[in-house]
Protein chains: 2
Amino acid sequence: MPPMPEPTNPQVRRTRRLMLEAAHRLLSEHGPAAVTHLRIAEEAGVSRATVYRHWPDRGSILLDLLRRGTELRIASPPPETDLVTQVTILLRSFAAILSGEGGRTLAAMVGLAEWDEDVSAALRQMATIGPGMLADLLRRGVAGGELDPSVDVPLLVDRLIGPLYLRRLLYHEPFDDEEVDRLVAATLGPSLRPT
Amino acid sequence: MPPMPEPTNPQVRRTRRLMLEAAHRLLSEHGPAAVTHLRIAEEAGVSRATVYRHWPDRGSILLDLLRRGTELRIASPPPETDLVTQVTILLRSFAAILSGEGGRTLAAMVGLAEWDEDVSAALRQMATIGPGMLADLLRRGVAGGELDPSVDVPLLVDRLIGPLYLRRLLYHEPFDDEEVDRLVAATLGPSLRPT
DNA sequence: GCCATATGATACAACATGTCTCATTCAAGA
DNA sequence: TCTTGAATGAGACATGTTGTATCATATGGC
């Protein structure tokens, strides 16, 4: 189920952009239930028939939206710095994404993924990119002797990012940079090896 | 916004029970969008008008359902055991709840809370009971000298339960007892004081 | 400028929603 | 047991939504 290819026809590109922007506004302001063909047509100033031509059913609209909303640009931390710095930069980047529009998109996906296999697959895919980068970082730390070789890397990844997602999804509270630092210090600290 | 009081009239109790069971089935099997007056009436073998009489709008049905679904019975760990054992018992209890129906209810709430103030309040309330018990436990540990007094208790709570929620909501993967043990050892271990 | 294609406007049936009315059934007290 | 008020069932009704179809118009690529 590959994402829809970008059309070349400028007319199509225009209406498509208008509809996607409208759909995104609706999702962000009123939730997934508000993302319907009718409301997108009204918001985008486009005929309802046109919306149906682009997406035959509601599910495909949402999936398109969610996939676009999760095309995250995570900053790659500078490789020449030490492990703690790199992990901190990465986690701060996650926290920033969760604080913004990414948090809403994620919440919507979590609620839909439970009953929609496509959304579930998209969520799983999205949720492996960031953690995957973090896991790579930690494995390099183990290989480079900065990290205790006995650490359980997958568990350590979850221990580092779990609190971020918990705060955002359940408490709707931000995780600021200073708290990320304390999280990294407390979680990563005990497994560090003196260089 | 207190939860609806239990009616005394046996006829009312019966229809109410039938409708709630039907609504719960719909939520569990098809998600929040399927919880409508019409479908509850069909599922419960009850007139549509009756469903409207009990809940004037869709939101109140969902809120009722979610509040019932989150009336968690968390086992209080035996107070005479050591801190690690008590925390482990509590976290295993959380993990078990998340593995069952509670996980679906939670996912639904996370998705709805973003755009519904009532659901958000219910989620926040629910999400403070368990963590509150854990925080009490940890504070007692600090007071009793089992735990380093410099620990950040709220952050430690999030570091202990965050991974559990992350696994359930984002990866749809279970967190078994053995992994809870490793989580507790890794997260709580470095802050323990020799008795 | 021509032609294929996308869009707009509209019609339509099917279904869902919310409100209402009235007959029937039920529970509880006299 | 009888009576009465409340709850329910059945259905009518207006309104809105969904999904599909048709045809005229507008647009882009050649």
Side-chain angles (χ1 to χ4, degrees), chain A residues 1 3-27 29-66 108 112 115-116 118-119, chain B residues 1 3-27 29-66 108 112 115-116 118-119:
Chain A
M1 209 156 309
M4 212 161 295
E6 270 307 297
T8 56
N9 185 320
Q11 187 185 16
V12 179
R13 290 171 70 94
R14 194 190 101 93
T15 52
R16 195 169 180 74
R17 179 179 55 80
L18 286 174
M19 290 187 292
L20 278 170
E21 285 171 1
H24 183 260
R25 268 199 305 280
L26 286 167
L27 176 64
E29 290 169 18
H30 302 102
V35 182
T36 69
H37 293 86
L38 177 63
R39 296 195 66 173
I40 290 173
E42 291 171 344
E43 276 281 317
V46 150
S47 170
R48 193 164 61 93
T50 302
V51 188
Y52 275 101
R53 281 186 197 105
H54 282 251
W55 299 281
D57 55 274
R58 245 170 56 85
S60 57
I61 310 179
L62 274 174
L63 202 57
D64 237 33
L65 267 186
L66 296 177
L112 295 172
W115 298 276
D116 184 311
D118 292 339
V119 174
Chain B
M1 209 155 307
M4 213 160 294
E6 270 306 299
T8 56
N9 185 322
Q11 188 186 13
V12 179
R13 291 172 68 93
R14 193 190 101 93
T15 52
R16 195 169 180 74
R17 179 179 54 81
L18 286 174
M19 289 187 293
L20 278 170
E21 285 171 1
H24 184 260
R25 266 199 307 279
L26 286 167
L27 176 65
E29 289 169 18
H30 301 101
V35 182
T36 69
H37 293 87
L38 175 63
R39 296 194 66 172
I40 291 173
E42 291 171 345
E43 276 281 317
V46 151
S47 170
R48 194 164 61 93
T50 302
V51 187
Y52 276 101
R53 283 187 195 102
H54 282 251
W55 301 279
D57 55 275
R58 244 170 56 87
S60 57
I61 310 178
L62 275 173
L63 202 57
D64 237 35
L65 268 186
L66 296 177
L112 295 172
W115 298 275
D116 185 310
D118 292 339
V119 174

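Atom set for the values below is all heavy atoms of this structure, side chains included, hydrogens, waters and symmetry mates excluded. Here is the naming used below: chain letters follow the sequence lines, and residue numbers restart at 1 for every chain.
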Would one find a side-chain N or O of A:Ser47 under 4.0 angstrom from OP1 or OP2 of C:dA9?
no
Covered region of DNA chain D, 5' end to 3' end, by chain A [heavy atoms, under 4.0 Å]
D:dT17 to D:dG29
Axis deviation across the helix from C:dG1-D:dC30 to C:dA30-D:dT1, five-pair ends, to the nearest 10°
30°
How far does CG of A:Leu27 sit from CG of A:Leu20, to the nearest 0.5 angstrom?
11.5 Å
Summary of side chain to side chain donor-acceptor pair (under 3.5 Å) pairs that have at least one residue in residues 17-26 of chain A, sequence neighbours excluded
A:Arg17-A:Glu21, A:Arg25-A:Glu43
Step by step, would you call A:Val119 with A:Leu66 a side chain to side chain contact (heavy atoms under 4.5 Å, CB included)?
CA-CA 8 Å; A:Val119 174; A:Leu66 296 177; 4.1 Å; yes
Nearest heavy-atom approach of B:Trp115 to A:Pro32 is CZ3-CD, 3.6 Å
Kindly give the heavy-atom pair with the smallest separation between A:Val12 and A:Thr15, and that separation in Å.
O-OG1, 3.1 Å
Reading nucleotides 18-30 of chain C from 5' to 3' and marking B where a protein heavy atom lies under 4.0 Å of the base, S where only the sugar-phosphate is that close, and - otherwise, the string is BB-B----SSS--
Using atom types as modelled, flag every donor-acceptor pair under 3.5 Å from a side chain in residues 33-41 of chain A to any protein atom, sequence neighbours excluded.
from: A:Thr36; atom 1: OG1; to: A:Arg39; atom 2: N; distance (Å): 3.2
from: A:His37; atom 1: NE2; to: A:Trp55; atom 2: O; distance (Å): 2.8

Closest non-hydrogen contact found for A:Asp116 with A:Asp118 is OD1-N, 2.9 Å
Would you check if B:Arg16 and B:Asp64 make a side-chain contact, meaning some heavy-atom pair closer than 4.5 Å?
yes
What salt bridge (charged side-chain N to carboxylate O under 4.0 Å, His left out) pairs are there with at least one residue in residues 49-61 of chain B, not counting sequence neighbours?
none
Please give me the minimum heavy-atom distance between A:Ile61 and A:Ala23, naming the atom from each residue.
CG2-CB, 4.4 Å
